[in-house]
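In what follows, chains carry the letters A, B, and so on, assigned in the order in which the sequence lines appear, proteins first and then strands, with residues in each chain numbered from 1.
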Amino acid sequence: MATPQRYTVTAALPYANGPVHIGHLAGCYLPADIYVRYLRQQGRDVQFICGTDEHGVAINLKAQAEGCSPKEIVDRYHEVIRKGLEGIGCSFDIFSRTSKAIHRETAQDFFTKLYEQGSLVEKTTEQYYDTQAESFLADRYIQGTCPNCGFEEAYGDQCESCGSSLSPMELKNPVSRLSGGRPERRETTHWFLPLDHLSGKIEQYIRAHGHWKPNVYGQCMSWLQSGDGLQARSMTRDLDWGVPVPLPQAEGKVLYVWFDAPIGYISATKELLGERWTDYWQREDTKLVHFIGKDNIVFHCITFPSMLMEHGDYHLPDEVPANEFLNLEGRKISTSRNWAVWLHEYVADFPGKEDALRYCLCANAPETKDNDFTWKDFQNRNNNELVAVLGNFVNRVLVLLNKYYDGKLPEVQAPTAAEEQLQKARRQAPDRVAAALERYRFREAQLAMMQLAREGNKYLTEEEPWKTQKTDPSRTEAIMHEAAQTAALLSQLMEPFLPFAAARLRGYLQLDLIPWEKLSDGDLLPAGHRVEKGDLLFEKVSDEAVEAQKQKLEEPAPAEEKHPPLKEEMDFETFTQQDLRVGTITAAEEMPKADKLLKLSVNLGFEQRTIVSGIRQHFDAAHLPGQRVTVVANLAPRKLRGVESQGMILMAENADGMLHFVAPPAEAENGAVVR
RNA sequence: GGCGAGAUAGCUCAGCCGGUUAGAGCGCAGCACUCAUAAUGCUGAGGUCGAGGGUUCGAGCCCCUCUCUCGCUACCA
């Protein structure tokens with residue numbers, strides 16, 4: 001594309017079933033905000049679009065678990081998320097929500113266009129419906145007896161015992177894995193986006209963007225070229241929470257959440273701009289940039305572009321600068337285990353230190369690979385870089401200006417070699433920052449900004465105005481003029497990264513935000529200009545604050561009752577059909593070609609069994625012999641990865657996903673009946 | 001197991017199309033300085049660029065094999 005006339009920048013719509021954490025911020029919202037602030041300073045025409053994604057099954061399930069309506073869930077998290085993101089300085093032009101009427105209309109119009117022009121493939125099938133859970137069941141959520149081999153726990157799509165592929169209707173005695181109840185057959189119709197037919201065009205589109213980051217490009221090509229290639233995807237669901245499918249024959253159906261979510265970008269733009277929204281989505285001279293985390297790559301690079309392509313009126317995404325993931329203190333961020341730094345909590349715990357988090361996350365942004373955030377590093381970055389380098393330089397300048405000149409900027413004088421060096425650094429800094437940002441290299445851009453502060457410190461230390469003040473006061477004037485210009489430029493370059501401190505500094509300097517192209521021109525402050533002494537730009541983070549945050553991480557997850565609902569009642573007869581026995585593991589080895597399976601030998605007293613169990617992630621095979629276990633002994637044998645598994649080991653699973661053996665005490669002999 | 005991405009200084013990371021003595025920030029050691037939040041500046045120590053082979057006049061970069069990490073996916077509880 002030649003120089004774009006305008007920019008549409010989106011940040012992934014956060015899903016409204018929980019708050020946002022620093023991983024989301026580092027991967028998506030922060031880089032997006034930095035980029036947008038920079039574009040605005042450039043005077044470019046840009047709209048920064050975001051909002052919450054409020055549909056889909058997960059929100060339904062969360063509402064059920066908490067005994068409230070989906071609406072209550074999304075209302076709650078919309079606010080938490082919005083406050084967190086805005087609190088950290090994300091400067092959205094709009095932060096909307098997909099539950100709004102304008103979104104429903106936009107998404108429906110989009111669907112209708114695809115439908116009317118025949119882009120969607122309609123398929124009617126008979127599917128199982130769980131009357132208790134009130135939902136249709138995906139193939140995988142149905143279990144029953146295999147018609148070919150009689151295996152009783154075959155899934156709706158495949159029998160794991162004999163390997164034959166099935167359709168749910170072929171199963172005998174189908175059972176819903178959701179409620180455990182017996183599902184009934186109902187006919188249902190869905191509309192599919194034929195990605196399989198579009199794969200040629202999509203591949204062409206991806207190949208035309210070979211400059212995308214390796215992780216993004218590689219992931220896309222992998223999907224295009226893997227095995228069966230792209231599959232037609234259903235764009236509708238049988239559900240009551242979402243955007244209703246705008247067809248008379250589609251009662252009780254909604255658009256698939258991944259169909260409606262990206263359209264949320266479009267509807268939010270409409271809400272913001274009215275008629276003018278088409279400029280930002282349909283004109284070829286607009287640059288469309290999606291900031292996302294790596295989990296969203298396929299949807300933004302393949303599914304969404306396919307939708308836009310089929311629709312026909314739209315410009316396709318130009319850039320998808322997806323980041324990798326951020327770890328926390330060496331471990332993966334985990335929402336369920338509460339191993340996370342929640343954005344809204346940070347904003348509450350560190351008032352006035354919004355920039356510190358922004359700085360640290362940008363410096364450590366997972367641009368090319370997963371990265372680690374530690375509180376110690378956060379403290380170091382804040383204390384040794386923000387405070388010691390940037391804040392300190394600014395403070396030195398403001399203090400000296402006020403001490404010697406009562407805040408009135410002295411006259412310029414003929415530059416010495418030292419001034420020329422600093423002036424050169426000032427001329428180059430805006431270009432360096434800009435060049436890095438244009439390439440989505442945020443760490444490098446922020447470093448270039450900091451480099452100017454280092455130059456400033458070096459200049460002051462070497463020129464020593466506090467000495468010349470005693471020997472040659474006019475020389476001090478020259479030095480302070482130069483130093484002040486450097487602080488002024490910093491107040492501009494800081495803006496994308498550290499907007500809070502930048503605004504404060506501009507306040508002390510009595511300076512407005514200046515268009516980017518004028519930043520390299522020379523002096524930003526005229527001689528005689530008055531500056532205030534101001535306050536410290538940044539404060540240190542104490543050891544105590546760091547310790548407190550680490551402590552907080554160690555606290556167990558808030559006891560949110562997450563126990564799964566009880567299954568359907570069964571009669572005593574059914575219960576007595578299962579034969580549980582005490583056993584002891586005598587040998588354990590890893591199954592080849594499987595990441596989760598262990599092959600166990602179990603002594604049941606009267607016989608030795610081979611049992612394949614999916615617990616490899618949780619236990620080391622070498623430590624298992626001798627482990628006491630409870631075994632379902634009369635379970636039909638089943639082949640897993642070529643090995644017949646003769647029974648099942650009972651495990652207790654905690655809310656955090658950890659597995660624990662249901663181990664009989666030593667007094668219980670092998671083979672003893674459990675009931 | 002399949003696919004994708006990564007492995008570079010104590011730590012966190014750069015390294016464009018293969019080209020001289022492999023870089024930055026932090027940390028560490030020494031020196032200088034005192035305007036500044038014991039802040040700053042300078043100097044220095046530190047790397048068999050995951051391992052092994054290959055292509056090349058020349059490989060951190062290209063090719064092959066292997067190991068480990070992360071993600072998607074498959075096999076589970």
A/Thr584: partners by side-chain contact (heavy atoms from CB on, under 4.5 Å), with sequence neighbours left out: A/Arg628, A/Asn670
Sequence neighbours excluded - ring pair (Phe, Tyr, Trp, His ring centres under 6.0 Å) pairs with any residue from residues 446-490 of chain A: none
Sugar-phosphate, base or nothing in reach of A/Asp295, heavy atoms under 4.0 Å: nothing
Sub-4.0 Å heavy-atom contacts from residues 388-405 of chain A onto RNA chain B, ordered by number: A/Ala388, A/Asn392, A/Asn395, A/Arg396, A/Val399, A/Leu400, A/Lys403
Results of side-chain contact (heavy atoms from CB on, under 4.5 Å) for A/Ser613 - residues two or more places apart only: A/Leu600, A/Ile615, A/Ile649
Sugar-phosphate only, base, or nothing, as touched by A/Lys540 at under 4.0 Å among non-hydrogen atoms: base
Pairing residues for A/Asp472 by the side chain to side chain donor-acceptor pair (under 3.5 Å) criterion, not counting sequence neighbours: A/Ser474
A/Arg233: side-chain contact (heavy atoms from CB on, under 4.5 Å) partners, not counting sequence neighbours: A/Leu195, A/Met235, A/Tyr256, A/Phe299
Touch class at under 4.0 angstrom, heavy-atom based, for A/Pro214 against every strand present: sugar-phosphate
Contacts of type side-chain contact (heavy atoms from CB on, under 4.5 Å), residue A/Asn384, not counting sequence neighbours: A/Asn380
Residues from residues 351-361 of chain A lying under 4.0 Å of RNA chain B - heavy atoms: none
Contacts of A/Gln446 that satisfy side chain to side chain donor-acceptor pair (under 3.5 Å) - sequence neighbours left out: none
Closest listed nucleotide, where the reference is the side chain of A/Leu597 and the choices are B/G4, B/G27, B/C76: B/C76
Could you go over nucleotides 63-69 of chain B and give all protein N or O partners under 3.5 Å, atom names and distances?
none

Bracket notation of RNA chain B in which parentheses pair within the strand, [ ] cross earlier pairs, and | pairs with another strand (Watson-Crick or G-U, under 3.5 Å): (((((((..((((.....[...)))).(((((.......))))).....(((((..]....))))))))))))....
Residues in side chain to side chain donor-acceptor pair (under 3.5 Å) contact with A/Glu462, at least two apart in sequence or another chain: A/Lys458
